[in-house]
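Just below is one structure, and these are the notes that go with it.
Letters go in sequence order (proteins before strands), and every chain restarts at 1.
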Amino acid sequence: MVKIHAVSVNPVDYKVRKNAAKNNELDEPKILGWDAAGVVEAVGSEVSNFKVGDEVYYSGEYKRPGCNAEFQLIDSRIAGHKPSNFSFEEAAAMPLTAITAWEAIFDRLRLQKNGENNKKLLIIGGAGGVGSIGIQIAKKLTNIEVIATASREETSNWCKEMGADLIVNHHDLENEIKKANIENVDYILNFFDTDMHWDAMANLIKPQGHICSIVENKNPLDLNKLKNKSAAFHWEFMFTRSLFKTEDMISQHKILEELRLLFEEGSLKTTINKTFEGLDTQVFREVHELQESGKSIGKNVIKFIS
Amino acid sequence: MKAIGITKSLPVDDKNCFISFETEKPMPEAKIFWLKFMRFL
């Protein structure tokens with residue numbers, strides 16, 4: 001059981017808010033929130049990797065009560081020790097996006113650590129929460145060239161700060177890539193809009209390349225566009241392991257611990273952008289509004305305890 | 001404990017889209033066992 005000091009907000013929060021009680025009023029209030037940092041207050045009898053007083057960070061489980069509360073029960077297999085050089089706010093910004101980016105890069109696209117020289121990765125939606133840490137992880141750990149998309153000066157600068165080698169505008173993606181004298185890319189990570197970029201992704205992917213998306217499509221996707229290229233399409237959903245209680249569920253604890261070391265040695269940095277304060281309904285409204293606008297850069301964090 | 005939640009799916013511009021409420025503090029099973037044990041004593 002964790003006493004929560006800070007949480008951050010992700011697109012999943014407003015998607016659940018908008019859909020969980022669309023047709024009926026819930027008997028019991030549903031607690032949202034899937035990114036937190038805090039201090040362990042009590043542990044279950046089978047927990048061996050944490051003790052009371054440990055500072056932790058985690059995302060949590062899709063089907064269990066979320067972290068927008070003073071306390072939360074969390075499965076120790078999906079939590080990690082908070083980076084010691086991070087405040088609770090800086091740590092709360094990271095778990096969901098960092099696990100998503102890590103799983104997309106290493107478990108779905110199967111990039112090799114230090115083994116992707118002379119290859120190119122296109123990240124669509126570079127300035128969002130997942131894009132911001134995805135650029136950093138890919139650059140620091142795989143040696144790949146990262147092309148990120150952004151459409152405003154502010155978001156382009158943010159992507160450069162995260163380490164992207166090249167920034168292109170996603171409004172005219174194929175032409176932007178061609179203008180940069182790039183014919184195709186080995187890998188694509190889509191963190192923005194799958195329907196909007198499907199044709200461009202199919203045209204830009206190299207034969208035998210891999211595409212991974214985290215955004216569900218609204219219309220049917222024409223998978224045949226990938227057939228002649230023998231290109232692969234993958235989904236990434238960071239709640240899969242906890243949702244299905246997969247045998248490798250503890251790998252998210254390991255990912256968070258590996259990330260902790262990278263944060264502590266300064267190889268990766270927090271993607272926190274704005275901090276709000278208070279376990280308060282109006283604060284959550286304000287942050288959800290910002291998140292829903294699609295103009296949010298990096299992560300928005302809410303601090304509960306000063 | 002205090003928590004923020006929803007009972008209806010409302011747009012963000014509705015000031016009631018979130019509710020603040022009090023609920024029981026969650027407990028890991030070890031703590032529940034000891035509380036029961038203490039009560040038994």
Heavy-atom neighbours of [X] [atom1] exceed 12 at 6.0 Å:
| X | atom1 | value |
| --- | --- | --- |
| B:Glu22 | CD | yes |
| A:Lys3 | NZ | yes |
| A:Lys274 | NZ | no |
| A:Lys245 | NZ | yes |
| A:Glu257 | CD | yes |

At what distance, to the nearest 0.5 angstrom, does [atom1] of [X] lie from [atom2] of [Y]?
| X | Y | atom1 | atom2 | value |
| --- | --- | --- | --- | --- |
| A:Leu279 | B:Met1 | CG | CE | 9.5 Å |
| A:Phe284 | B:Ser20 | CZ | OG | 10.0 Å |
| A:Lys18 | B:Ile6 | NZ | CD1 | 12.0 Å |
| A:Thr281 | B:Phe21 | OG1 | CZ | 12.0 Å |
| B:Ile4 | A:Arg285 | CD1 | CZ | 12.5 Å |
| A:Glu25 | B:Ser9 | CD | OG | 10.5 Å |

Toward chain B, the part of [X] with a non-hydrogen atom under 4.5 Å:
| X | answer |
| --- | --- |
| A:Asp280 | backbone |
| A:Asp27 | neither |
| A:Val16 | backbone |

A side-chain contact here means heavy atoms from C-beta on lying under 4.5 Å apart; do B:Val12 and A:Gln291 qualify?
no
With a 4.5 Å heavy-atom cut-off, do A:Val43 and B:Pro28 have their side chains touching?
no
Counting only heavy atoms closer than 4.5 Å, note whether B:Asp14 contacts chain A via side chain, backbone, both or neither.
backbone
Heavy-atom distances under 4.5 Å only: say whether B:Lys2 touches chain A with side chain, backbone, both or neither.
both
Let me know which of A:Gln72, A:Glu70, A:Glu41 forms a side chain to side chain contact (heavy atoms under 4.5 Å, CB included) with B:Lys25.
A:Glu41
Could you report the tightest heavy-atom contact between B:Thr7 and A:Pro29, atom names first, then the distance?
CG2-CA, 3.8 Å
